[in-house]
Amino acid sequence: MFVLFCLCHLIGVFADPDGLKSVSVMEGDSVTLNSDLTDIDDDDLIMWMFGANNTLIAEIDVPEDRITVYDDPDGRFRDRLKLDHQTGSLTITHISTEHAGDYQLQMITNLSKSFSLTVYARLPVPVISSNSSHCSSSSSSSSSCSLVCSVLNVSHVTLSWFKGNSLLSSISVSDLSISLSLPLEVEYQDKNTYSCVLNNPISNQTRHPNITQLCHTCAVFSEVPAHSCESAEAVLRLVATALMGVAAAAAAALLINDLRATRAKTEQMS
């Protein structure tokens, strides 16, 4: 089994019964497709080809003592290919998604190896927000709020909520690049550890919510006792009644003053 090196990330390597080795790598890393040779024969010719058309991208001609790397017509391999002069292994640097596909190693000794390279985009860190309009309360001492974990423009990933090490819910997307969001209802006084995890087959990104901060609005609503609301309503009724009494007394005083003024004018005229 060949050895595969990658900068910074673990790469998945698998072989099917037909000898095709599947390689997974993160975008921006480097990968080495290993020939499994320890040394090259003096009369050997090693060729690396890419794609359905078997485009020649690199070769070692031992009799001519020549190592050559070629560029694909669209320029995707420019300054990215390196050949090991001793083993013939091919290294591709600064991988991008355009380098995904099939690679084949051919040797004049009839040795042949095939690789299928999958390139995954780097994962963003999930964003967790709360929706205070979805606060709910089942009693005067408990309240829950709705958290939402979101990621933008992702593909070939799974977004999941965990409580400790237990999976609560998840959602996946395959080929399409879309935005994902996953809700979670929590008690604002919950002391459990929650995490939102975005992952693909070779990497993951995790975000832990701060429930105290995110559910602050729900907590404020919950901390107002029901009897306090009833007391406040009673006070408002008393105030309204008092105001109505004051208004009625003022109206009566004005009416009495008007009657007195009218009587005085009548007596003066007579």
Side-chain angles (χ1 to χ4, degrees), residues 3-16 21-32 92-101 115-138 142-220 222:
V3 179
L4 183 63
F5 296 95
C6 169
L7 299 180
C8 302
H9 291 278
L10 180 65
I11 299 176
V13 182
F14 307 94
D16 65 18
K21 296 182 179 180
S22 298
V23 182
S24 299
V25 62
M26 186 68 68
E27 187 174 24
D29 289 342
S30 297
V31 62
T32 297
I92 310 168
T93 62
H94 305 295
I95 291 285
S96 71
T97 54
E98 66 179 356
H99 299 120
F115 304 85
S116 178
L117 179 64
T118 301
V119 180
Y120 291 95
R122 292 191 175 274
L123 298 179
V125 178
V127 175
I128 300 177
S129 58
S130 65
N131 189 346
S132 60
S133 64
H134 287 180
C135 296
S136 62
S137 179
S138 57
S142 64
S143 178
S144 66
C145 70
S146 177
L147 302 181
V148 180
C149 184
S150 306
V151 287
L152 302 177
N153 302 322
V154 291
S155 60
H156 300 94
V157 298
T158 298
L159 185 66
S160 307
W161 273 113
F162 286 86
K163 180 179 180 181
N165 294 323
S166 300
L167 176 64
L168 298 177
S169 59
S170 65
I171 184 172
S172 299
V173 61
S174 55
D175 295 333
L176 299 177
S177 179
I178 64 174
S179 299
L180 294 178
S181 61
L182 193 62
L184 177 69
E185 293 290 327
V186 296
E187 298 293 330
Y188 84 91
Q189 292 179 331
D190 197 335
K191 301 304 181 182
N192 290 294
T193 300
Y194 293 89
S195 58
C196 180
V197 179
L198 178 69
N199 73 284
N200 58 29
I202 60 175
S203 66
N204 66 78
Q205 292 280 12
T206 302
R207 174 64 64 87
H208 298 281
N210 187 323
I211 296 177
T212 302
Q213 291 182 355
L214 291 172
C215 298
H216 174 71
T217 303
C218 293
V220 171
S222 174

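Computed over heavy atoms, backbone and side chain alike; hydrogens, waters and symmetry mates excluded. Since we're looking at a predicted model, the values are computed, not measured.
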Visitor: Check whether any side-chain heavy atom of C196 sits under 4.5 Å from a side-chain heavy atom of L159, and report yes or no.
Guide: yes
Visitor: Apply side-chain contact (heavy atoms from CB on, under 4.5 Å) to Y194 and V186, showing your working.
Guide: CA-CA 9 Å; Y194 293 89; V186 296; 4.0 Å; yes
Visitor: Any chance you could measure L152, atom CG, to S181, atom OG, to the nearest 0.5 Å?
Guide: 10.0 Å
Visitor: Within the side chain of R122, is there an N or O that forms a donor-acceptor pair under 3.5 Å with the backbone of E27?
Guide: yes
Visitor: Answer yes if the side chains of S172 and T158 hold a donor-acceptor pair under 3.5 Å, and no otherwise.
Guide: yes
Visitor: Rounded to the nearest 0.5 Å, what separation is found between the NE2 atom of H156 and the OG atom of S24?
Guide: 10.5 Å
Visitor: Rounded to the nearest 0.5 Å, how far does CD1 of I178 lie from OG of S155?
Guide: 9.0 Å
Visitor: Does V127 reach the side chain of C149, with side-chain heavy atoms less than 4.5 Å apart?
Guide: no
Visitor: Return the minimal non-hydrogen interatomic distance between V119 and H99, and the atom names on each side.
Guide: CG2-C, 4.4 Å
Visitor: Going by heavy atoms in the side chains, are M26 and I202 under 4.5 Å from each other?
Guide: yes
Visitor: Would you please name every residue forming a side chain to side chain contact (heavy atoms under 4.5 Å, CB included) with S195, sequence neighbours left out?
Guide: F162, V197, T206, H208
Visitor: Got a second to check how far L117's CG is from I92's CD1, nearest 0.5 Å?
Guide: 6.0 Å
Visitor: Got more than 12 heavy atoms from elsewhere within 6.0 Å of CG, N165?
Guide: no
Visitor: For the backbone of L182 and the side chain of W161, can you confirm whether one donor and one acceptor N or O come within less than 3.5 Å of each other?
Guide: yes
